[in-house]
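What follows is a single structure, written as structure tokens, with notes after it.
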Amino acid sequence: MKALANRFALAAFLLAVFTASSFAGPRPRRPGQTAVPKITLQQIAQGKTFGVSNAPIRIDAYTDFECPHCQDLYLNTLRPLIDEYVSSGKVYLVDHDFPFHPYSRIAAYYADAAAALGRFSPVAQALFLHQNEWSYTGKVEPIVAAVLSPAKMRIVQALAQTSVVHQAVQDDYNQGMRLGVNQTPTMYITHNGQKMPIVGFVSYPILRRYIDALLHQ
Amino acid sequence: MTPQTRTRLRHWLLLVGRLALGALFLFAAYGKLRPVDSAPFTLASLKITPNSLDVSMMMFAMQIDSYQMLPSWGVMALSHTLPWLELAIGLFLVSGLLLRWVSLLTTLLLTVFFAVLVHSYLAGMQINCGCFGPGAEKLTGSRLLLEVLFLAVALAVTIGAFFEARARRLARVTVPSAGPPETAPAD
């Protein structure tokens, strides 16, 4: 009788261990299921910076993926700026999300998720380039998928739903609000510790001359 | 109200109007020409050097550019001339020299500014006015109302200046033909 009780106790113990391990341990991945990498807010922020942080001029750009003037600024001013001034170490560019249009927050989630994987530039460029296609429907995914590999897209899709990415977008927005941003695009140009707000679209030839004047000061 | 009182009142109103407009234009020029990295109304803001001027004017150029109305060369030309023009207008208004023509120019300039601001406001452009140099100066309905007030003052000064000049001219013409002044009969 005592032996039987011992066997029952042993079986119950084993069952408890098995149940606990099945809950606590990593679940086996089903075929086709994507592993979501752990990302941090710093990783996302880093993915949205261009150039070296000790450059003489720092530009913080607050943009909204759905705003037409932000599209103009990104494609016609910031892209050439990256090619000419950021790559030569004169300007450090930091992109910030400031979404307030209906679908721009969703777009920002995808862009920030891509930033964590080091793919912010192509995604942001695609979102701005095809702004007219998704800004009425909110169908951001096909636009993003066109510039990422299927494997990367699956990760970005999964990351875009995570609280870290949502937090990164909200942090950018809150930071902008604290600085007094109330319209997009808004750039803050910092030189010698002085931060100057530039509101609205600025064409590249004019921004370029301003940067040159600052560098020669 | 006697004609003399009316004349005196008109004279004082014209003086106050032109001084207010002059101060406004001097402040607008100062805002655009002062070093962008200096706080307004400080000694540092008066230390204007060729380099600081270059930066200030380019900052103003970016604000003009945000209206998206002019090509780059137009933006550059305007950003490098308008602050000096405002400075000159301000000095002329304060001194009262060539008042009729300067006030007329002021009215025309403010009309152009008002038209540009209304156009941008109606187009829903979310930009800074840039009227008094760098800094957040959002283009709002109240900003437009302020511009209407400036324009009204400029128009009043212009009309007053022409009226006063005409009155002076008439006085010059009528005084010689009036004959010898009446003398009191000797007791």
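Below, each value reflects all heavy atoms present in this structure, side chains not excepted, and no hydrogens, waters or symmetry copies. So you know, we letter chains A, B, ... as the sequences are listed, proteins then strands, and number each from 1.
Environment of CZ in B:Arg10: crowded, with over 12 heavy atoms of neighbouring residues, nucleotides or ligands closer than 6.0 Å. Other residues, nucleotides and ligands contribute over 12 non-hydrogen atoms within 6.0 Å of the CZ atom of A:Phe100. Counting non-hydrogen atoms of neighbouring residues, nucleotides and ligands closer than 6.0 angstrom, the CZ atom of A:Phe120 exceeds 12 such neighbours. For B:His119, the NE2 atom counts as loosely surrounded, since its 6.0 Å shell holds 12 or fewer non-hydrogen atoms of other residues, nucleotides or ligands. The number of heavy-atom neighbours closer than 6.0 Å to CD of A:Gln46, taken from other residues, nucleotides and ligands shown, is 12 or below. Counting heavy-atom neighbours within 6.0 Å of A:Lys48 NZ, excluding the residue itself, gives a total above 12. Heavy atoms from other residues, nucleotides or ligands lying under 6.0 Å from CG of B:Leu122 number more than 12. Atom CE of A:Met177 is surrounded by 12 or fewer heavy atoms from other residues, nucleotides or ligands within 6.0 Å.
In this structure, the side chains of A:His69 and B:Ile127 stay at 4.5 Å or more apart for every pair of heavy atoms. Side chains of B:Met76 and A:Ile206 form a contact here, defined as non-hydrogen atoms less than 4.5 Å apart.
Of residues 207-217 of chain A, those residues with a non-hydrogen atom less than 4.5 Å from any non-hydrogen atom of chain B are, in numerical order, A:Leu207, A:Arg209, A:Tyr210, A:Ala213, A:Leu214, A:His216, A:Gln217.
With B:Asp65 contributing its side chain and A:Ser203 its backbone, the two residues share a donor-acceptor pair below 3.5 Å.
No other option in B:Ile64, B:Thr49, B:Val55 has as many heavy-atom pairs under 4.5 Å with chain A as B:Val55. Listed options B:Ser72, B:Ser79, B:Pro50 were ranked by heavy-atom pairs under 4.5 angstrom with chain A; first place goes to B:Ser72.
Here the straight-line distance linking atom CE of A:Met196 with atom CE of B:Met62 works out to 8.0 Å at 0.5 Å rounding.
Looking at A:Gln183, both its backbone and its side chain come within 4.5 Å of chain B, counting heavy atoms on both sides.
Checked against ring-ring contact (aromatic ring centres under 6.0 Å, His included), B:Phe162 has the following partners two or more places apart in sequence or in another chain: B:Trp101.
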